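All remarks here apply to the structure that follows.
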Amino acid sequence: MVAGPGAPAADLFVLASHRDPNPLVISQARAAGCPIIASDADGIPQALDGGRAAVLFAVGDVGALAASIGSLLDDPDLRRSWREAAAEGLDRYRVERVVNDVMDVYRD
């Protein structure tokens with residue numbers, strides 16, 4: 001894929017971790033506008049809204065991972081729908097929101 005202005009720099013993002021309690025890279029991939037395929041390890045599903053923001057596969061299920069990659073690479077409409085799903089709800093990851101939430105705790 002050749003990225004033009006405003007186009008994502010990647011067709012998709014894959015995170016095939018066996019363990020990952022709090023993957024920062026998920027919010028970065030979401031903000032970059034990538035459709036995401038990720039394992040269901042540790043905190044990954046939580047970072048992906050329980051699977052609403054990405055295609056999840058069971059840790060170690062290489063067949064499911066390969067099938068998911070193939071499906072998204074073969075179908076631009078499917079990629080677009082997962083890209084849109086990944087972009088939803090990103091406000092809660094913004095630094096300003098996190099800072100305000102922490103400050104509210106200290107004020108209380």
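Keep in mind that this is a model prediction, so the values were computed, not measured.
- One distance of note links CH2 of W82 with OG of S68; it measures 9.5 Å at 0.5 Å rounding.
- Atom CG of residue N22 and atom CG of residue D42 lie 10.0 Å apart, to the nearest 0.5 angstrom.
- With a 4.5 Å cut-off on side-chain heavy atoms, L72 and P35 count as touching.
- At least one side-chain heavy atom of L73 sits less than 4.5 Å from a side-chain heavy atom of L12.
- Of all heavy-atom pairs spanning S39 and A16, the tightest one is OG-C, 4.2 Å.
- Proximity of I37 to F57: side-chain heavy atoms (C-beta onward) are separated by under 4.5 Å at one or more points.
- Residues R30 and L48 form a side-chain contact, since some pair of their non-hydrogen atoms from C-beta on lies under 4.5 Å apart.
- In plain terms, the two heavy atoms of A10 and C34 that are nearest each other are CB-SG, 4.1 Å.
- By the 4.5 Å heavy-atom criterion applied to side chains, S81 and L78 are counted as neighbours.
- Surrounding CD of Q28 are more than 12 heavy atoms belonging to other residues, nucleotides or ligands, all under 6.0 Å away.
- By the 4.5 Å heavy-atom criterion applied to side chains, L15 and I44 are counted as neighbours.
- Between H18 and V59, the shortest heavy-atom contact is ND1-CG1, 3.7 Å.
- The hydrophobic cluster containing V55 does not contain V62, counting ILVMFWY residues as joined when their side-chain heavy atoms lie under 4.5 angstrom apart, directly or transitively.
- How far CG of L56 is from CG of D61: 12.0 Å, rounded to the nearest 0.5 Å.
- Formation of a donor-acceptor pair under 3.5 Å by the N100 side chain with backbone atoms of E96 is found in this model.
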